[in-house]
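Reviewing the structure listed below.
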Amino acid sequence: SKSPAIHNACFKLHHINAVYLACEINDISQALAAMRTLNIKGASITIPFKECIMAYLDWIDEDALSIGAVNTIINKDEKLLGYNTDHMAAISPLKPFDIKDKRVCIIGAGGAAQAVAYGINKEKGQLVIINRNKDRGKKLALKYHADFISMDEIDTMAAIKADIIINTTSLGMSPDIESLAFPLHLLTSQMVVMDVVYNPLKTKLLSHAQQKGCTTIDGLAMFLHQGASQFKIWTGISPDIELMRKTLINGDR
């Protein structure tokens with residue numbers, strides 16, 4: 001996770017006596033019990049806990065309830081409050097391409113996909129859900145009156161009429177950087193291809209999409225916007241996104 005770098009830089013800039021640490025957990029209920037006991041003030045939630053965590057929270061924001069996933073918690077007045085900052089973060093880098101009436105294919109049906117689908121639907125894009133697990137994929141598609149394509153079927157398709165492709169899965173994320181979330185033969189130069197994976201910044205999918213002439217959007221844009229929104233929820237301060245970006249870029253040199 002690159003989240004500690006950006007949040008700790010912002011804590012330092014604003015003279016806030018706090019530290020952000022990455023923690024690997026196995027049981028979300030035990031993690032939240034520890035959060036209460038240790039009085040940890042806030043947390044980011046990532047794959048695979050964004051959906052199942054909702055059962056253990058004291059309050060959930062309306063957007064997060066509608067999405068069906070939480071990626072941000074604040075511990076306030078001994079209550080754990082849940083939010084989702086992913087949906088607006090996903091939409092921000094796509095707004096210049098005018099989402100309305102565009103055919104947008106979302107790969108995945110997990111917590112990140114739930115948030116992205118919610119955001120695209122609010123912008124009146126035409127959704128298509130692509131997923132390996134048919135039950136989960138169809139459930140998300142039904143929620144937004146979207147088309148569903150099984151990954152088994154898409155592998156054999158000769159073409160797909162899409163304006164925007166968004167990978168919301170962890171396929172291609174380090175250390176499995178050779179994994180592909182979408183068949184390369186279906187990419188065309190007219191497509192906008194976005195990958196929420198930001199480690200590595202240029203995934204195999206984005207690298208091949210660039211070679212085919214596609215417009216590409218890496219995961220850093222969404223990552224920074226959702227992180228900035230998280231920081232504001234925790235502290236009430238809107239952080240400098242450019243500072244966050246420079247922190248990451250300088251740290252990778």
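Remember, predicted model here, so these are calculated numbers, not experimental data.
Using a 4.5 Å heavy-atom cutoff, the side chains of Asn84 and Lys50 are not in contact. Using a 4.5 Å heavy-atom cutoff, the side chains of Val104 and Val128 are not in contact. Side chains of Ile107 and Thr168 form no contact here, defined as non-hydrogen atoms less than 4.5 Å apart. No side-chain heavy atom of Met191 sits under 4.5 Å from any side-chain heavy atom of Thr215. In this structure, the side chains of Phe231 and Ile6 stay at 4.5 Å or more apart for every pair of heavy atoms. Looking at Ile165 and Leu186, their side chains never come closer than 4.5 Å, going by heavy atoms from C-beta outward.
Here OG1 of Thr203 is found 14.0 Å from OH of Tyr198. Values are rounded to the nearest 0.5 Å. We find the CG-CG distance between Leu81 and Asp58 to be 7.0 Å, quoted to the nearest 0.5 Å. Rounding to the nearest 0.5 Å gives a distance of 7.5 Å between CG of Asn75 and CZ of Arg36. Interatomic distance, CG of Asn167 versus CE of Met194, reported as 10.0 Å (0.5 Å rounding). Rounded to the nearest 0.5 angstrom, Tyr144 OH and Asn121 CG are separated by 6.0 Å. Between the CD1 atom of Ile149 and the SG atom of Cys105 there is a distance of 5.5 Å, given to the nearest 0.5 Å.
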Check against side-chain contact (heavy atoms from CB on, under 4.5 Å), Phe182 and Ile130:
CA-CA 9 Å; Phe182 188 78; Ile130 301 168; 4.0 Å; yes
Show your working on side-chain contact (heavy atoms from CB on, under 4.5 Å) between Gln230 and Ser44 and close with a plain yes or no.
CA-CA 8 Å; Gln230 288 184 325; Ser44 303; 3.1 Å; yes
Could you walk me through whether Leu171 and Leu180 pass the side-chain contact (heavy atoms from CB on, under 4.5 Å) test, one step at a time?
CA-CA 6 Å; Leu171 289 172; Leu180 273 169; over 6 Å; no
Pair His225, Ser92 - check side-chain contact (heavy atoms from CB on, under 4.5 Å), show working.
CA-CA 8 Å; His225 279 90; Ser92 294; 4.0 Å; yes
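Using a distance-only test at 3.5 Å, with no hydrogens or angles considered, no donor-acceptor pair links the side chain of Lys12 to the main chain of Asn17. Asp86 contributes no side-chain N or O that, together with a main-chain N or O of Ala115, makes up a donor-acceptor pair within less than 3.5 Å. For Asp27 (side chain) and Gln30 (main-chain N/O), a donor-acceptor pair under 3.5 Å exists by modelled atom type. For Asp240 (side chain) and Leu243 (main-chain N/O), a donor-acceptor pair under 3.5 Å exists by modelled atom type. Checked by atom type and distance alone, the side chain of Lys122 never pairs as donor or acceptor with a backbone atom of Met88 at under 3.5 Å. A donor-acceptor pair under 3.5 Å is formed between the side chain of Arg136 and the backbone N or O of Ala109.
Side-chain N/O atoms of Asn71 and Tyr83 include no donor and acceptor closer than 3.5 Å. Side-chain atoms of Gln210 and Lys202 form a donor-acceptor pair, as typed in the model, at a separation below 3.5 Å.
Between Glu178 and Lys204 there is a salt bridge, with a side-chain nitrogen of the basic residue lying less than 4.0 Å from a carboxylate oxygen of the acidic one. Ion pair Glu123/Lys95 flagged as a salt bridge, since at least one NZ, NE, NH1 or NH2 atom sits closer than 4.0 Å to an Asp/Glu carboxylate oxygen.
The shortest non-hydrogen separation linking Ile28 to Cys52 is CG2-SG, 4.1 Å.
Checked against Arg103 for a side chain to side chain contact (heavy atoms under 4.5 Å, CB included), the options Ile164, Asp147, Leu127 give a single hit: Asp147.
Relative ring orientation between Trp234 and Tyr20 is described as tilted, the plane-to-plane angle lying within the 30° to 60° band.
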